[in-house]
Amino acid sequence: MDKYIFPNDPIANQAAVVAGDNFRFTLINETVLRYEWAEDGVFEDRPSTFALNRRFPAPEFTTSNTEEYLNIRTASYQVTYNRKRFDQHGFVVSFNNKNTLWGADWRYGETPENLGGTARTLDNVNGRCQVEPGILSRAGYSVLDDSKSMLFDGHGFVAPRRSGDRIDGYLFCYSHDYKRAMSSFYAISGKQPKLPRWALGNWWSRYYAYSDKEYLRLMEKFEKKSVPLSVAVIDMDWHRVHGDDIPHAGWTGYTWEKNLFPDPKAFTQALHAKGLKMTLNDHPHAGIHRHEDMYEKMAQDLGHDTSTQAPILFNPTSPKFMHSYLNTLHRKLEDDGCDFWWIDWQQGHVSRIPGLDPLWLLNHFHFLDHQLQGHTRSIIFSRFAGPGSHRYPVGFSGDTIMTWASLQFQPEFTATSSNIGYGWWSHDIGGHMGGYRDDELATRWVQFGVLSPIMRLHSSNSPWASKEPWLYRKEHAAVMQKFLRFRHRLVPYLYTMNAAPTYRDEPIVQPLYWKFPERNEAYSKPNQYYLGTSLLVAPIVKPRDHRTGFAAVDVWVPPGRHVDILTGMVYDGNRQVKVHRSIEDIPILAGEGAIIPLDLSTTPQNGCRNPSGLEVLVVPGKDGVFTLLEELEDDEAASGDGSAPREIHLNYNATRGQLKFDSAGKEWSIKFLSLMTVPSALSVSANGQVVSDIRTTIEDYPDVPGLSVRIPKLTNDGTIVLNIGPNPQLGVLDVYKRVRSLLMDFQMDMSLKNRIWQAITTSDELTIKIGQLTSLGLDQELIGPVVELLTADSRKQG
């Protein structure tokens with residue numbers, strides 16, 4: 001198993017260690033303190049599932065001793081310790097932060113109020129579930145107990161902890177600098193790997209016994225509907241499940257079901273020809289039985305006696321078994337065309353050796369094995385196994401129930417998972433099983449999925465649960481298909497967030513309080529989050545009002561004006577607002593200075609290749625910078641040889657009204673959101689030469705308002721400079737068009753429509769408008785959408 005050794009640096013800098021006969025403190029850095037107690041005085045220097053790296057430059061600190069206590073002082077905290085087995089009386093850490101007026105300290109054994117992490121699975125969850133703690137707390141410190149985690153033995157395999165009375169913990173001290181805490185977490189535990197670009201597109205999955213022809217016909221139907229996909233998931237029934245010669249329940253299997261897939265290689269080649277990657281579901285628990293194609297070969301590997309046709313039992317604690325499991329059993333199926341594995345493990349934490357978690361073992365070795373097969377951007381698909389699991393993306397969150405309650409919890413669950421560094425959850429979008437049919441619920445779930453880390457449609461084998469968009473009512477089918485196309489258009493932005501080194505210390509989804517830790521509002525909106533650096537997402541997770549057709553979500557708009565990139569609405573910053581949206585949209589806000597690259601094609605193709613053209617959304621008002629990353633191997637004519645990614649620099653100077661960017665051999669469309677006139681100073685040059693072959697368009701409601709400038713692909717690459725004149729600002733939009741449109745659609749009494757319209761048009765003063773609206777005595781669901789439009793932007797109309 002030596003080939004499964006991976007980079008780590010677990011032995012701490014001795015200049016950062018303070019130790020005694022039974023205790024050891026390691027000052028990892030100014031943020032993290034490791035504390036150990038060992039009854040026998042033997043401490044642990046092997047890497048653990050959480051802590052791969054402990055060697056860092058020693059921070060500045062001093063120690064002092066009294067007859068009773070050892071004191072360790074740093075710039076961030078002071079340790080007071082009585083040299084006995086850790087307890088709340090003899091081990092205290094005081095913090096030098098200003099989170100409270102009365103100061104703060106931690107006593108061993110205390111658990112500060114935690115902002116939440118994630119859970120191993122959402123199987124059978126209908127609504128909320130208990131999550132494990134993360135490393136973030138409003139108290140400004142947190143603890144991570146590493147005493148029972150699995151260890152790596154330095155020879156490519158794993159080992160349990162030593163027996164005896166032992167404590168191994170990490171104290172994170174960060175005040176409210178949550179990003180600093182996460183940077184330290186990743187430094188110790190390893191960074192998130194870079195996902196392949198295709199993983200960021202739409203995944204199709206269903207627990208159903210497809211034949212090869214059925215599956216390929218379905219993929220062709222997605223193509224005909226212009227709904228792009230990137231990953232084809234083949235659930236359990238790809239292998240033999242039923243038959244008198246199968247001596248166990250059919251969840252485990254490694255032999256193609258030839259009645260469904262008579263030529264597996266031809267099937268996988270057909271998927272690859274459509275630009276799709278393919279993953280197979282693997283339930284390894286039942287082992288390898290006599291009916292499997294690879295039974296004899298594995299038995300030969302393992303010296304297993306086949307005379308009685310006894311099964312080869314699943315034993316991930318055996319190096320010999322794991323080597324054969326990966327290099328014989330799975331390699332055969334990979335040769336057939338399986339691109340990566342879905343490890344569907346549900347059997348708990350227990351293995352033959354106490355402390356060795358079978359899920360951890362599968363995640364770890366499958367991921368390293370994928371790397372060893374030459375995949376520069378490796379991937380597995382599996383459940384969360386505890387701190388450190390972020391090194392093995394992507395996460396399968398499990399079989400949720402199809403209810404509004406389940407949807408209402410998933411945005412928060414996804415956001416708080418970042419508090420333990422776990423950034424790549426993939427949910428069963430639409431829910432897996434049970435529950436009820438509700439087309440509005442399914443549509444809102446798809447919208448959330450498109451604006452989440454991984455977008456994967458999935459369902460049970462119920463004949464009523466399949467998630468093809470065209471199976472829903474026309475209104476909902478159209479919206480689902482629009483958003484699934486938008487997901488692939490968003491990949492240039494998402495891939496940059498995934499690939500750029502500057503973002504690798506930050507999960508792609510972040511709770512609001514990561515950016516605004518001092519604001520109470522940021523903690524009060526658990527379902528609102530940042531997707532990457534620029535997009536603020538507030539999924540709608542409740543049904544709409546049947547009269548207005550609008551559903552509402554409470555949103556905190558951070559300081560600075562923001563624009564909804566789907567509707568063009570401009571919102572004042574630093575305020576809470578109830579946002580209303582029809583089934584066609586959800587709030588996606590971008591602040592002034594945001595630069596958001598999209599695929600220029602409105603009907604992107606399968607596979608998420610680098611696009612030939614880009615649409616760039618620019619929010620005027622502040623300076624903005626974005627460096628878009630593309631791998632050369634993702635070009636349509638792939639030319640990747642391991643070279644560094646292509647960098648496309650975009651720089652917006654707000655004072656000059658100037659956008660500079662690399663032409664990169666692409667066609668470009670630049671859209672300045674909410675700018676409603678073509679500036680007389682508008683000009684485009686490339687390499688200092690005027691570009692005359694451009695097209696300018698002003699779009700207005702019901703389209704997204706803004707100025708678009710279309711620039712053709714240049715003959716020679718270089719720098720394009722687009723000038724729109726000095727100091728352009730977000731335009732003041734005519735909201736009365738929108739109010740008239742929504743009143744036209746409201747299913748309500750005609751006379752009330754007249755009274756609402758009269759209330760907002762008889763005076764120019766906003767306070768009078770609002771007063772007259774509220775005096776009508778109508779409920780919030782009716783007047784809320786109107787009030788939102790009137791108050792979104794405080795600048796005077798006209």
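What you are looking at is a predicted structure, and each value in this text was computed from that prediction instead of being measured.
Distance alone, capped at 3.5 Å, places no donor-acceptor pair between the D237 side chain and the D235 backbone. No side-chain donor-acceptor contact under 3.5 Å links T400 to the backbone of L122. A donor-acceptor pair is defined here as one N or O able to donate and one able to accept, closer than 3.5 Å; no such pair exists between the side chain of T306 and the backbone of Q309. S426 places no side-chain N or O within donor-acceptor distance of the main-chain N or O of I454, the cut-off being under 3.5 Å. The backbone N or O of M236 sits less than 3.5 Å from a side-chain atom of H239, completing a donor-acceptor pair. Although no hydrogens or angles enter the test, the distance criterion places a donor-acceptor pair under 3.5 Å between the side chain of N114 and the main chain of G134. Between the side chain of D9 and the backbone N or O of L52 there is no donor-acceptor pair closer than 3.5 Å. Looking at H285, its side chain never comes within 3.5 Å of a backbone N or O of W251 through a donor-acceptor pair. Side-chain atoms of D399 do not come within 3.5 Å of backbone N or O of D123 as any donor-acceptor pair. Not a single donor-acceptor pair under 3.5 Å links the side chain of N606 to the backbone N or O of S230.
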- Item | side-chain contact (heavy atoms from CB on, under 4.5 Å) evaluation trace for E631 with K194 | CA-CA 11 Å; E631 310 291 341; K194 182 164 60 173; 3.0 Å; yes
- Does the salt bridge (charged side-chain N to carboxylate O under 4.0 Å, His left out) test come out yes or no for D635 and R609, once each step is laid out? CA-CA 6 Å; D635 287 346; R609 290 289 193 180; over 6 Å; no
- Task: Under the ring-ring contact (aromatic ring centres under 6.0 Å, His included) rule, what do F152 and F157 come out as? Steps first, then yes or no, please.
- Result: CA-CA 6 Å; F152 300 108; F157 208 64; 9.6 Å; no
- Query: So N610 and R197, side-chain hydrogen bond (donor to acceptor under 3.5 Å, both in side chains) or not? Walk me through it.
  - Reply: CA-CA 9 Å; N610 293 328; R197 188 182 182 94; 3.1 Å; yes
- Item | Stepwise ring-ring contact (aromatic ring centres under 6.0 Å, His included) test for F396 and H427 | CA-CA 6 Å; F396 164 50; H427 302 300; 9.8 Å; no
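Between the CG atom in N327 and the CD atom in E334 there is a gap of 9.0 Å [rounded to 0.5 Å]. Distance check: I420 CD1 to L115 CG gives 12.0 Å after rounding to the nearest 0.5 Å. Atom CG of L457 is separated from atom CH2 of W204 by 6.0 Å, given to the nearest 0.5 angstrom. Rounding to the nearest 0.5 Å gives a distance of 9.5 Å between OG of S452 and CG of L494.
Side chains of R54 and T26: a donor-acceptor N/O pair is absent below 3.5 angstrom, by distance only. Donor-acceptor pairing under 3.5 Å is lacking for the side chains of Q410 and W425. Looking at W360 and S389, their side chains never bring a donor and an acceptor atom within 3.5 Å of each other. There is a side-chain donor-acceptor pair under 3.5 Å between H364 and Y392. Under the 3.5 Å distance criterion, with hydrogens and angles disregarded, a donor-acceptor pair is assigned to the side chains of S382 and N363. Counting only N and O atoms by type, the side chains of E647 and T627 include no donor and acceptor under 3.5 Å apart. Side-chain contact of H323 with S318: a donor-acceptor pair under 3.5 Å is absent, judged by distance alone. Counting only N and O atoms by type, the side chains of H349 and R120 include a donor and acceptor under 3.5 Å apart. Residues H283 and N281 have side chains that bring a donor and an acceptor to within less than 3.5 angstrom of each other. Counting only N and O atoms by type, the side chains of W256 and D336 include a donor and acceptor under 3.5 Å apart. Side-chain contact, T31 with R180: a donor N or O sits under 3.5 Å from an acceptor N or O.
Residues satisfying the ring-ring contact (aromatic ring centres under 6.0 Å, His included) criterion with F384, sequence neighbours excluded, are Y422.
Counting heavy atoms from C-beta on, the side chains of I234 and F267 come closer than 4.5 Å. I380 is not listed as a side-chain neighbour of F365, based on a closest heavy-atom distance of 4.5 Å or more. Looking only at side-chain heavy atoms (C-beta outward), H458 and I429 stay at 4.5 Å or farther from each other. With contacts defined as side-chain heavy-atom distances shorter than 4.5 Å, the pair I508/Q192 does not qualify.
Taking the six-membered ring for Trp and thresholds of 30 and 60 degrees, Y325 and Y254 have ring planes more than 60 degrees apart, a perpendicular arrangement. Ring orientation note: the planes of H366 and W341 are tilted relative to one another, at an angle of 30° to 60°. Ring orientation note: the planes of Y210 and Y208 are nearly perpendicular, at an angle over 60° on the 30°/60° scale. Aromatic ring orientation, H291 versus H248: tilted (interplanar angle from 30° to 60°). Ring pair F172/F185 is tilted by interplanar angle, where 30° to 60° counts as tilted. By the 30° and 60° cut-offs, the orientation of the rings of F340 relative to W198 is tilted.
Within 6.0 Å of CD on Q371 lie more than 12 heavy atoms contributed by other residues, nucleotides or ligands. No more than 12 heavy atoms of other residues, nucleotides or ligands lie within 6.0 Å of CD in E636, so this atom counts as exposed by the packing criterion.
Salt-bridge check for K332 with D293: failed, with every basic side-chain N at 4.0 Å or more from each acidic carboxylate O. Ion pair E296/R290 not flagged as a salt bridge, since none of the NZ, NE, NH1 or NH2 atoms sits closer than 4.0 Å to an Asp/Glu carboxylate oxygen. Salt-bridge annotation for D40 and R166: present, with a side-chain N of the basic residue lying under 4.0 Å from a carboxylate O of the acidic one. With respect to the salt-bridge test (charged N to carboxylate O, under 4.0 angstrom), the residues E506 and K179 qualify. Between D335 and K265, none of the side-chain N atoms (NZ, or NE/NH1/NH2) sits under 4.0 Å from a carboxylate O, so this pair counts as no salt bridge. Using a cutoff of 4.0 Å between basic side-chain nitrogens and carboxylate oxygens, D369 and R331 are scored as salt-bridged. For R377 and E633, the salt-bridge test passes: some basic side-chain N is under 4.0 Å from an acidic carboxylate O. For the pair R24 and D168, the salt-bridge criterion is not met [side-chain N within less than 4.0 Å of a carboxylate O]. With respect to K320 and D301, no salt bridge is recorded, no charged nitrogen being found less than 4.0 Å from a carboxylate O. At a threshold of 4.0 Å, the pair R161-D146 counts as salt-bridged, since one of the basic side-chain nitrogens sits closer than that to a carboxylate oxygen.
Residues Y170 and Y35 keep their aromatic ring centres 6.0 Å or farther apart. Aromatic pair W203/F381: ring centres closer than 6.0 Å.
In this structure, P316 and P358 approach most closely via the heavy-atom pair CG-CB, 4.0 Å. Taking all atoms of both residues into account, the shortest heavy-atom contact from P393 to F367 is CD-CE1, 4.1 Å. When every heavy atom of K191 is checked against every heavy atom of R391, the shortest pair comes out as O-CG, 4.3 Å. In this structure, D344 and R383 approach most closely via the heavy-atom pair OD1-NH1, 2.8 Å. Minimum interatomic distance between M298 and L329 (heavy atoms only, all atoms of both residues): SD-CB, 3.7 Å. Nearest heavy-atom pair across H390 and P193 is O-CD, 3.5 Å.
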